Protein chains: 2
Amino acid sequence: MASTDTKTKILDTAERLFAQKGFDAVSLRNIVEAAKVNLAAVHYHFGSKQALLHAVVSRRLRPVNDERLAMLAEARIKAGKRKLKLEAVLESLFVPVFRAQASHKSGGSFTRLIGRVVFDRNAELQKFMVGELAQVIIQFSRAFDEALPGLDKTEMDWRSHFMAGAMAHTLCNADLLASFTGTDAGAEGYETTVQRLVDFTAAGFRAKVFTHPKKQKSS
Amino acid sequence: MASTDTKTKILDTAERLFAQKGFDAVSLRNIVEAAKVNLAAVHYHFGSKQALLHAVVSRRLRPVNDERLAMLAEARIKAGKRKLKLEAVLESLFVPVFRAQASHKSGGSFTRLIGRVVFDRNAELQKFMVGELAQVIIQFSRAFDEALPGLDKTEMDWRSHFMAGAMAHTLCNADLLASFTGTDAGAEGYETTVQRLVDFTAAGFRAKVFTHPKKQKSS
DNA sequence: GGATGTTTCAAACAGTCGTTTGAATAAATG
DNA sequence: CATTTATTCAAACGACTGTTTGAAACATCC
């Protein structure tokens, strides 16, 4: 099975390079040169550069999303009849993706890629991601509602949005933390980083709601 | 002064297209076609595509940063001998950039561009941005320390990082909010959005600090 | 062994990219 | 007016892009 070997080499190399430089900035020739495989192998195994990106993303994201849903289900069981705990929901969302960085030998390139994907405006990738994330969004949206009963829907949407931004930025641009502040993001285990992120976002979700003025309808 | 006209047309068009599709995804030919100017005009007025990007960014970012520093200085005066208020610091950071969207007729493309710039890993742009933001980072870093005395430096760095992520995501991907949740980000004035973001991030900054275990040194 | 299907490879395809050139035009200056 | 300077323009440069081709090399099975 030399094919599997080539396929994996392409996936690993593409993952690393996409994470480092972005999708558009990396050419197939960059990839095949680094992976030491033939140029045409990419199209033979994946069909197109876009399809390669999808394969790279889903290879890592699918198990992460499965684990997210599993952790959330377990949190529900643990809560029993009691209210779902916000921190448990957030941990279910964060832990799998942050652990994937530490566990796999990919050297953290995967999380940068996932973070980057959120901010990349590749239209095809966007559609692909919505499909990959559909179940996660549905389930966690419901879980947040349960953990924060009574929070206005619009406010909930915005806060989820802020939370997603903090998460994506942490995944994607951990190196910026070091360059701007001098704090080394890699100095501590992923558990500590997740703990910090949970603390921050949970407090944000629970913030006292400012009463926003109704939008003046002029028509 | 037809030159100024051409120069401005290029800047406006490049700003819009870069914001929509990203730096790499937009070619100079896309820009000059939309701006209805000659291809060589870009190099005549700006020197290179990279330099054009820098010009696009700094044209908007410089006044925004000036206003940020001015608002922060005013907040200091208002506080007098009292402790600087966290919300005032955050507002000084958010208001100018969010207002720039509403005020200028660019149709919000500028804020998306600024948000995108944070997440783009264009190495040259990164260096450029560090220079443009240097004063802002120094001043606001100090302000956060004053507003939150006693907060551990590492924790402060991380929370600033989370805050920057929430801000950048809100600026860059406001449309995702609509596509994922159905909430229309443009339905309310920028003041309300800023208020929501201030509430969320201020609560995050003030969250009870979890006592992180010391990193086990194995050597 | 020969035939069949899978995987690799060098070479080329048709475009697009950022950039440069040198002449043509417009504006400003004497 | 002529002359110098600033700006526009069409055309081309070489390099790079994703993709395709068809023949080799390899593995598998009858």
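Values below: every heavy atom of this structure, side chains too, minus hydrogens, waters and symmetry copies. All figures in this text were calculated on a predicted structure; none of them were measured in a lab.
- The separation between B/I10 atom CD1 and D/dT7 atom P is 12 Å, rounded to whole Å.
- The nearest whole Å value for the distance from the CD atom in B/E33 to the C1' atom in C/dC17 is 15 Å.
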**Study point:** Candidate pair A/N38 and A/Y44, rule side chain to side chain contact (heavy atoms under 4.5 Å, CB included), full reasoning
**Key:** CA-CA 10 Å; A/N38 188 270; A/Y44 176 77; over 6 Å; no
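- Note on B/D12 versus B/R16: no salt bridge recorded, every NZ/NE/NH1/NH2 to OD/OE distance being 4.0 Å or above.
- A perpendicular orientation is assigned to the rings of A/F94 and A/F98, their planes being inclined by more than 60° (bins at 30° and 60°).
- For DNA chain C, if you chain together Watson-Crick or G-U pairs that step i with j, i+1 with j-1 and so on, the runs of at least three with distances under 3.5 Å are C:1-3 with D:28-30, C:7-23 with D:8-24, C:25-30 with D:1-6.
- Residues A/F162 and B/T193 come closest through the heavy atom pair CZ-O, 4.5 Å.
- Side-chain nitrogen and oxygen atoms of A/H45 include at least one within less than 4.0 Å of the OP1 or OP2 phosphate oxygen of C/dT8.
- Considering only side-chain N and O atoms, B/T6 lies nowhere under 4.0 angstrom from the phosphate OP1 or OP2 of D/dT7.
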Point to revise | Annotated protein contacts, base or backbone, on nucleotides 15-21 of chain D with a non-hydrogen cut-off under 4.0 Å, one of B, S, - each | key: --BBBBB
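- Atom-to-atom, CG of B/N38 to C1' of C/dT25 comes out at 12 Å; the value is rounded to the nearest Å.
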Practice item. Show the numbers, then the answer: is there a side chain to side chain contact (heavy atoms under 4.5 Å, CB included) between A/F144 and A/L90? Key: CA-CA 9 Å; A/F144 281 121; A/L90 288 169; 3.7 Å; yes
Polar atoms only, N or O, under 3.5 Å: list the protein pairs with nucleotides 23-25 of chain D and their distances.
none

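- By the 6.0 Å contact criterion, CD on B/Q20 is enclosed, its count of non-hydrogen atoms from other residues, nucleotides or ligands being greater than 12.
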Can you give the donor-acceptor pairs under 3.5 Å from side chains of residues 23-30 of chain A to other protein atoms, not counting sequence neighbours?
from: A/S27; atom 1: OG; to: A/R29; atom 2: N; distance (Å): 3.4
from: A/S27; atom 1: OG; to: A/N30; atom 2: N; distance (Å): 3.1
from: A/S27; atom 1: OG; to: A/N30; atom 2: OD1; distance (Å): 3.1
from: A/N30; atom 1: OD1; to: A/S27; atom 2: N; distance (Å): 3.0

Table please: side-chain donor-acceptor pairs of residues 65-77 of chain B below 3.5 Å, with sequence neighbours left out.
from: B/N65; atom 1: OD1; to: B/R68; atom 2: NH1; distance (Å): 3.0
from: B/N65; atom 1: ND2; to: B/E132; atom 2: O; distance (Å): 3.4
from: B/E67; atom 1: OE2; to: B/R99; atom 2: NH2; distance (Å): 2.2
from: B/R68; atom 1: NE; to: B/L93; atom 2: O; distance (Å): 2.9
from: B/R68; atom 1: NH2; to: B/L93; atom 2: O; distance (Å): 3.3
from: B/R76; atom 1: NH1; to: B/E146; atom 2: OE1; distance (Å): 2.7
from: B/R76; atom 1: NH1; to: B/E146; atom 2: OE2; distance (Å): 2.9

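- Remark: P of D/dC26 and OH of A/Y44 are 16 Å apart, rounded to the nearest angstrom.
- A/E124 pairs by the salt bridge (charged side-chain N to carboxylate O under 4.0 Å, His left out) definition with nothing, not counting sequence neighbours.
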Practice item. Show your reasoning for whether side chain to side chain contact (heavy atoms under 4.5 Å, CB included) applies to B/F200 and A/F200. Key: CA-CA 9 Å; B/F200 184 91; A/F200 184 91; 4.2 Å; yes
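- Between the side chain of A/H169 and the main chain of B/A166, no donor-acceptor pair closer than 3.5 Å is present.
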